[in-house]
Number of protein chains: 2
Amino acid sequence: MHGLVRAIPKIEPKAQPCWCDDPFVARLKAHVDLGSADLHSLRAVIENDHAVKKRRDLVIDGYQYRKLSFIKEGFAARYKLLRNGKRQVVNVLVPGDVVGVPSSFLDRATFSVTAITDMKLQVCSLDDFVALCHRRPKFSLALCWIAVQEAASYAERVVDMGRRTSIERVARFLLDVHSRLAMVGRATESGFDLPFSQELMSDALGLSVPHLNRMLTKLRADGLITIDGHRVEFIDQNALAMLSHFQPFKLTQVPPATGLEPSVLLRHQT
Amino acid sequence: MHGLVRAIPKIEPKAQPCWCDDPFVARLKAHVDLGSADLHSLRAVIENDHAVKKRRDLVIDGYQYRKLSFIKEGFAARYKLLRNGKRQVVNVLVPGDVVGVPSSFLDRATFSVTAITDMKLQVCSLDDFVALCHRRPKFSLALCWIAVQEAASYAERVVDMGRRTSIERVARFLLDVHSRLAMVGRATESGFDLPFSQELMSDALGLSVPHLNRMLTKLRADGLITIDGHRVEFIDQNALAMLSHFQPFKLTQVPPATGLEPSVLLRHQT
DNA sequence: CGTCTCATTGAGTTCTGTCAATCTAAGTGG
DNA sequence: CCACTTAGATTGACAGAACTCAATGAGACG
C-alpha cells in the first residue's frame, strides 16, 4: 500500500464555487472574472431554460449538435454504444457541467448524452457563443479552460481503465462523484445521494454489473462505506482516498487581460 | 461481427493539412483562418526552437509547466506513473501535436510527457499566448478547438480501454497512428514507421507486453498486417478498420467573426 | 397485487497478466 | 573487426481477475 515514488500529497478541501443559481454564468465565473458588461452580453446569447425528461437523449451519436447546454438540475451520462451491444459511459454529468463538449465542435457527435433523471438546462447555440467570443475574448478563454478540464478528466479515466484495479476504480468513482456534487452543494461532508444505477456505473467503470456489485460489497465489508438505498456515506474517507490513490486536480484561473502584455512588448512592438 | 445499430459510415480520406514547415502556425490554421496581421502577432509570442533529447521528460507529473510547445519533429508520450510502478500512456504525440495540454492549465501537471525520440519543438509561454488571445480572440478559439479535439480523443480512448477487446485496441491503435502520421506526411498510403516500442504500446493500450505481442502476432497471422523491423504495412486496411470499428472523427472549423452576429442582435441590442 | 427495474449471489469459463526463458538486433569498446 | 553488452521482441506455462450466464431477492410503481 505504501508507494515508492513520493509522499502522498494532501487532499485539500476544494474551493466551493456555488453553481446553484445560474449554472451557465457560475461555471464561466469559475474560470474568469466577469464584469456587468460581460454578464449583459452573455445573457443575450442564453436561450430559455430547457427541461428534459428522464431517459431522453440530449445528444445522439452520429447526429449534429451545435449547442452549449449548462446543467441547472439533474444528471446525465455521456456514452457510446458499440456494435456488439456493449456500452461505455465516458463520464457522468452533474449540475454545472456542460453538454455539447465535444459534440458541438464535431461534424457529427461521436457520443450520445442521455438524461439519467429529469433535467433543467440553460441552452445557448455554439455559433452565438462563438460570436460572443469574437467580441469578448475572455469567454473563449473560459471555454478553453472548460475544454481542458474535460480533457484532463478523461485522461484520468484512461489511467483508471488501463492500470487500476477494479476496487480502486470503484472507490475513485465514488470519491470523484462526491467531490463534484459537494462543489455544487449536492452532498454533505461525508455522503451523498448516488443518482446512478449499478448498470450505469459498471458501464462507466468498464466492469460487469456483478463484478461492480462484488466490489461495492467489499467496500462495505471492509468498513469503508455504507450504502442505504441510494444514499452513500463514507465511513473512512481518508482510507478510501488512500486505497484508491484519489487526488483531485486544480485548474488555474485564466490570466486576466493586462491591456498590453509586457513580456510580449519587450520582444515586439504591436 | 455484424452490427445491430446502423451501417458502418464510410471512412473518408481526411483533409491533408500539412504541418511540415511551421507546426505552430499550421496547427492553428487547421482551425481558423489567419491573416498576415495575425501571423505577425503570433510570431512575436513564439520563442526560439527548442531541441530535446530522446528519453528526456518535457513535463513532469507534479511540477508546474506553463508553456505551449508544438512538436516540429520527433515523438513523445504523455503518461502517468502509478505508485505500484505501473505506467499508463494516455496518448502519443506526433509532429503537429501540442505539449502542455492539459498540464499548463493546471496548478501542477498531472501527467508527464517524455520524448521517445530526439525532438524539435516550438515553444511559447502560456501567459504570452493568453495575452495574445485577449487581443486577437481567434487564437483562443483555435486553442479551444485544439483542447476539444484532445478531449474527444481521450474519450475515445476510454471506450477502447473499457469495452473493446485487446485485438481491437491494437488494430485501432495502429490505424490511429497511421492516420495521424499520414496527416503530417510521415506515412505512405498503407504503411508507416512505427516509432514506439512494444513496451510503450502496451502501456498505451493497458495490456501487458506479452499479450500485446500475441495480438500483433495474431494480426500478422491473420494476414492483416506485416511488420518488418519498425515498418508496419497494412495488407488489408479495410478489414482492419472493420475488425476494430475504426472511424476517425472530423472537427468543424471555428466559425469566423462576422462583425455583428445577426441572431444575437435580433434578441438583444449591444 | 402484479409488474418491472434494479440489486445480489453463485458456478463455471475465458481472458489476460505474471514470471521466466530465449532470441534478435543494435550498439560499444577494445 | 569482433566479442560483449543491452534493449527489445518472442514464446510458453501457469495463476488469477473478471466476465457470462442464470437464478433469486427486494423495492417501486401503477
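Quick note: numbers below take in every heavy atom, side chains included, and nothing from hydrogens, waters or symmetry partners. All values reported here derive from a predicted model rather than from experimental measurement. Just so we're on the same page: letters track the sequence lines, and every chain starts at 1.
- Each end of the helix from C/dC1-D/dG30 to C/dG30-D/dC1 gets its own rotation axis from five pairs of C1' atoms, and the angle between them is 40° to the nearest 10 degrees.
- With hydrogens and angles left out, the side-chain atoms of A/Asn91 and A/Tyr154 include a donor and acceptor closer than 3.5 Å.
- Reading DNA chain D from its 5' end, the first and the last nucleotide to sit under 4.0 Å from a heavy atom of chain A are D/dA18 to D/dC21.
- The residues B/Glu156 and B/Arg164 are annotated as salt-bridged, a charged nitrogen and a carboxylate oxygen being separated by less than 4.0 angstrom.
- Checked by atom type and distance alone, the side chain of A/Asp118 pairs as donor or acceptor with a backbone atom of A/Lys54 at under 3.5 Å.
- For the pair A/Lys80/A/Asp61, a side-chain contact is recorded, criterion being any heavy-atom separation below 4.5 Å from C-beta on.
- Not a single donor-acceptor pair under 3.5 Å links the side chain of A/Arg180 to the backbone N or O of A/Pro95.
- Side chain of A/Glu168 to backbone of A/His245: no donor-acceptor contact under 3.5 angstrom is found.
- When atom types are taken as modelled, the side chain of A/Arg172 and the backbone of A/Ser244 share a donor-acceptor pair closer than 3.5 angstrom.
- Without hydrogens or angle criteria, B/Arg27 side chain to B/Gly96 main chain gives a donor-acceptor distance under 3.5 Å.
- Using bins of under 30°, 30° to 60° and over 60° for the plane-to-plane angle, the ring pair B/His178/B/Phe192 lands in the tilted bin.
- Between A/Phe75 and A/Phe196, the ring planes lie perpendicular to each other; the angle is over 60°, past the 30° to 60° tilted range.
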When every nucleotide of nucleotides 5-18 of chain C is labelled 5' to 3' by its protein contacts under 4.0 Å (heavy atoms), B for base, S for sugar-phosphate only, - for none, what sequence of letters results?
-> -SSBBBB----SBB
